[in-house]
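Computed from a prediction, not measured in an experiment: that's the story for all the values here.
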Amino acid sequence: MQSMTGYGRCQLTLEGREMTLEIKTVNHRFLDVSFRMPRNISFLEETLRRELAAKLRRGHADVFVNYRNTRADARTVTVDTALVAAYEVAAEQVRQASGASERLTVAELMNLPDVVQVTEAEEDREQVTALAQAVLAKVLEEVQAMRAREGEALRRDLNEHLDALAALRDQIALRAPQVPEAYRERLTARLAELPVAPVEPQRLAQEVAIFADKAAIDEELSRLQSHIAQMRACLNEAGEVGRRLDFLTQEMNREVNTIGSKASDVEITNCVVAAKSEIEKLREQVQNVE
């Protein structure tokens, strides 16, 4: 089982090309990837997205790519000689008008607007793609390792909440058979307080039986136990289990709500409140499971 929270970063240099790739992942219902990279290597997005989809099933991933080409042929510098000549003529006119003796140096001429143009050479897509794939492979190893560690922590936490929920379920199961008898005692005491003729035992037994049938929660308890067992099994499985865990959490919440509505008993109601709290904690943590 893996968490959807992960982080990885790697820098790699190959034949004068340097690339740094960073990935941050957080929980999300589906796989959602966002890229930030220089425009001149935007052609990498499709390849990176495809390879990420092969490794990550769910989660939001922010991918940051920095790239620097330090090869000698990476840039071309051109000089607008006509513009340099025009600047020199203008500078000479200013010098004569002002009486100054200084002339423009080469460095000053090169710093004038539009004199020097630096042009980025077109990147070799195959080589840049190969570099990106190599960097991505290393980063994904880090991301997957972190997601696995986070997944183990999640498994321990989820099992603790399942243990608490199972204990509450067992407590409800022990109390459930006593609820009809407690109802009979309350009903008998209430009738004794009213100015009416004593109720026949058969009639009283019939009322208690009707109540017991309405308050029966055996099926709900059985399904809740099954859901808990299924979730424990999912926690020990590899691969994508987040959606199944989310579904089981919803089903457990449904069963506990039904138990609370059917069993008119204070002790069971208290257990139901505590069980709903544990299920909510499960639901919050399950959102982080891939």
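- Within 6.0 Å of CZ on Arg243 lie more than 12 heavy atoms contributed by other residues, nucleotides or ligands.
- Other residues, nucleotides and ligands contribute only 12 or fewer heavy atoms inside 6.0 Å of the CD atom of Glu46.
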*Starting from the C-alpha separation in whole Å, work towards a yes-or-no answer on side-chain contact (heavy atoms from CB on, under 4.5 Å) for Arg58 and His28.*
CA-CA 6 Å; Arg58 298 176 66 195; His28 195 274; over 6 Å; no
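- For the pair Glu92/Glu88, no side-chain contact is recorded, criterion being any heavy-atom separation below 4.5 Å from C-beta on.
- Asp163 is listed as a side-chain neighbour of Arg232, based on a closest heavy-atom distance under 4.5 Å.
- Gln285 contributes no side-chain N or O that, together with a main-chain N or O of Lys281, makes up a donor-acceptor pair within less than 3.5 Å.
- Under the 4.5 Å side-chain heavy-atom criterion for grouping Ile, Leu, Val, Met, Phe, Trp and Tyr, Val139 is not connected to Met4 through any hydrophobic cluster.
- We find the CE-CG distance between Met252 and Leu282 to be 5.0 Å, quoted to the nearest 0.5 Å.
- Considering every non-hydrogen atom in both Cys10 and Val135, the closest pair reads O-CG1, 3.6 Å.
- Using a 4.5 Å heavy-atom cutoff, the side chains of Leu12 and Met19 are not in contact.
- For the pair Gln144/Leu56, a side-chain contact is recorded, criterion being any heavy-atom separation below 4.5 Å from C-beta on.
- In the hydrophobic clustering of ILVMFWY residues, with side-chain heavy atoms under 4.5 Å counting as a link, Leu174 and Ile172 come out apart.
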Compile the donor-acceptor pairs under 3.5 Å between side chains in residues 29-44 and protein atoms, sequence neighbours left out, one pair per line.
{"from": "Asp32", "atom 1": "OD2", "to": "His60", "atom 2": "ND1", "distance (Å)": "2.6"}
{"from": "Ser42", "atom 1": "OG", "to": "Arg39", "atom 2": "O", "distance (Å)": "3.0"}

*What's the verdict on salt bridge (Lys or Arg N to Asp or Glu O under 4.0 Å) for Glu220 and Arg223, showing C-alpha distance, side-chain angles and the deciding distance?*
CA-CA 5 Å; Glu220 288 78 8; Arg223 287 194 292 268; 3.8 Å; yes
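- Separating the CG atom in Asn159 from the CG atom in Asn236 is a distance of 7.0 Å, to the nearest 0.5 Å.
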*Tell me, with the steps shown, if Leu109 and Val115 meet side-chain contact (heavy atoms from CB on, under 4.5 Å).*
CA-CA 7 Å; Leu109 283 169; Val115 168; 5.6 Å; no
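- The side chain to side chain donor-acceptor pair (under 3.5 Å) test applied to Glu160 returns no partner, not counting sequence neighbours.
- Note: Glu290 CD to Leu245 CG = 12.0 Å, rounded to the nearest 0.5 Å.
- Annotation: side chain of Leu235 is in contact with side chain of Leu162 (closest heavy-atom distance under 4.5 Å).
- In terms of hydrophobic clustering, with Ile, Leu, Val, Met, Phe, Trp and Tyr side chains grouped at heavy-atom distances under 4.5 Å, Leu83 and Val77 are assigned to a common cluster.
- Considering Asp246, Leu248, Val289 as possible partners of Val241, the one that fulfils the side-chain contact (heavy atoms from CB on, under 4.5 Å) test is Val289.
- Across all non-hydrogen atoms, the minimal contact from Leu165 to Ala275 is CD1-CB, 3.7 Å.
- In this structure a side-chain-to-backbone donor-acceptor pair under 3.5 Å is present from Tyr87 to Pro113.
- With hydrophobic clusters built from ILVMFWY side chains whose heavy atoms lie under 4.5 angstrom apart, Tyr7 does not share a cluster with Ile23.
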*asked:* Determine whether Arg147 and Glu150 satisfy the following criterion, salt bridge (Lys or Arg N to Asp or Glu O under 4.0 Å), listing intermediate values before the conclusion.
replied: CA-CA 5 Å; Arg147 284 160 72 103; Glu150 292 290 325; over 6 Å; no
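- In plain terms, the two heavy atoms of Glu240 and Arg244 that are nearest each other are O-NH2, 4.1 Å.
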*Determine, stepwise, if the pair Ser226 / Gln230 fulfils side-chain hydrogen bond (donor to acceptor under 3.5 Å, both in side chains).*
CA-CA 6 Å; Ser226 174; Gln230 289 182 63; 3.2 Å; yes
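- Counting heavy atoms of neighbouring residues, nucleotides and ligands inside a 6.0 Å radius, atom CD of Gln117 exceeds 12 of them.
- Contact between Gly8 and Glu142 at its shortest, heavy atoms only, is CA-OE1, 3.3 Å.
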*Worked check of side-chain contact (heavy atoms from CB on, under 4.5 Å) between Glu280 and Lys276*: CA-CA 6 Å; Glu280 179 60 22; Lys276 287 176 68 67; over 6 Å; no
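- Proximity of Leu140 to Leu52: side-chain heavy atoms (C-beta onward) are separated by under 4.5 Å at one or more points.
- At distances below 3.5 Å, at least one donor-acceptor pair connects side-chain atoms of Asn257 with backbone N or O atoms of Asn253.
- Note on Val273: it does not cluster hydrophobically with Ile228, by side-chain heavy-atom contacts below 4.5 Å among ILVMFWY residues.
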*Just do the side-chain contact (heavy atoms from CB on, under 4.5 Å) check on Thr258 and Ile217 with the steps written out, would you?*
CA-CA 8 Å; Thr258 304; Ile217 55 175; over 6 Å; no
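- The NZ atom of Lys55 sits 8.5 Å away from the CD atom of Glu141 when rounded to the nearest 0.5 Å.
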_Under the criterion salt bridge (Lys or Arg N to Asp or Glu O under 4.0 Å), I'd like the reasoning laid out for Arg155 against Glu152: C-alpha separation, chi angles, the key distance, then a yes or no._
CA-CA 5 Å; Arg155 179 186 285 113; Glu152 286 301 315; 2.3 Å; yes
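- Other residues, nucleotides and ligands place more than 12 heavy atoms under 6.0 Å from the CD atom of Glu237.
- Between atom CG of residue Leu224 and atom CG of residue Leu168 there is a gap of 9.5 Å, rounded to the nearest 0.5 Å.
- Across Thr25 and Ala61, no two heavy atoms sit closer than the pair CG2-CB, 3.8 Å.
- The closest side-chain heavy-atom distance from Arg68 to Thr20 is not below 4.5 Å.
- A distance of 4.0 Å separates NE2 of His161 from CG of Asp157, quoted to the nearest 0.5 Å.
- No more than 12 heavy atoms of other residues, nucleotides or ligands lie within 6.0 Å of CZ in Arg254, so this atom counts as exposed by the packing criterion.
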